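Inspection log for the structure reproduced underneath, given as structure tokens.
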Amino acid sequence: MGKLADLFWQGLTLQHVSHKKIVVPYLLFTVMSLLFELFLLVIFIGTGYWSYSFGARPGFVFFIAGGVLVLMMVMTVGVLAGVLKRRVL
């Protein structure tokens with residue numbers, strides 16, 4: 001299972017790819033993904049604040065969605081850092 005995880009991470013961080021016509025669009029996609037996730041985080045926080053201000057409590061699924069959003073952001077930042085650390089550009 002560890003070998004599969006390593007291969008997956010190598011694919012996500014483009015460790016065996018150095019052509020700029022592939023890396024640059026991938027970086028743009030990753031940055032846009034991060035911006036979208038930040039937008040979703042703002043909506044999540046706003047919804048939580050709004051629901052508590054009206055006296056309603058969000059359900060369990062709301063908090064699960066928040067956890068999934070945080071995990072997605074951690075993975076996106078990790079992939080972005082891994083690609084930029086290689087300094088292919």
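Being a predicted model, the structure only gives us computed values, none of them experimental. Positions are given from 1 along the sequence.
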May I ask you to test the Val79-Tyr26 pair for a side-chain heavy-atom distance under 4.5 Å?
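Yes, their side chains come closer than 4.5 Å.
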Would you say that Met72 contacts Val68 through its side chain, given a criterion of any heavy-atom pair below 4.5 Å between the two side chains?
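Yes, their side chains come closer than 4.5 Å.
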For Phe36, check ring pair (Phe, Tyr, Trp, His ring centres under 6.0 Å) against everything at least two apart and list the hits.
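Phe36: no ring pair (Phe, Tyr, Trp, His ring centres under 6.0 Å) contacts found.
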Value rounded to 0.5 Å, distance of [atom1] in [X] from [atom2] in [Y]:
| X | Y | atom1 | atom2 | value |
| --- | --- | --- | --- | --- |
| Leu69 | Ile43 | CG | CD1 | 10.0 Å |
| Met73 | Ser33 | CE | OG | 11.5 Å |
| Phe62 | Arg57 | CZ | CZ | 12.5 Å |
| Thr76 | Leu38 | OG1 | CG | 9.5 Å |
| Met75 | Leu80 | CE | CG | 12.5 Å |

In the hydrophobic cluster built from side-chain contacts under 4.5 Å, what are the other members alongside Val61?
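Under the 4.5 Å side-chain rule, Val61 groups with nothing.
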For the student: nearest non-hydrogen atoms of Pro58 and Phe63, plus distance
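Heavy atoms only, the tightest pair is O-CE1, 3.7 Å.
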Please say yes or no: joined through hydrophobic side-chain contacts below 4.5 Å, possibly via intermediate residues, are Leu84 and Val77 part of one cluster?
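Yes, Leu84 and Val77 fall within the same hydrophobic cluster.
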Hydrophobic cluster membership, Phe39 vs Ile45, 4.5 Å side-chain cutoff
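Cluster IDs for Phe39 and Ile45 match.
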Over 60° means perpendicular and under 30° means parallel, so tell me whether Trp50 and Phe54 are parallel, tilted or perpendicular.
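Trp50 and Phe54: perpendicular rings.
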For Thr30, which residues count as a side-chain hydrogen bond (donor to acceptor under 3.5 Å, both in side chains) partner, sequence neighbours excluded?
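Testing Thr30 for side-chain hydrogen bond (donor to acceptor under 3.5 Å, both in side chains), a comparison that skips the adjacent residues, returns none.
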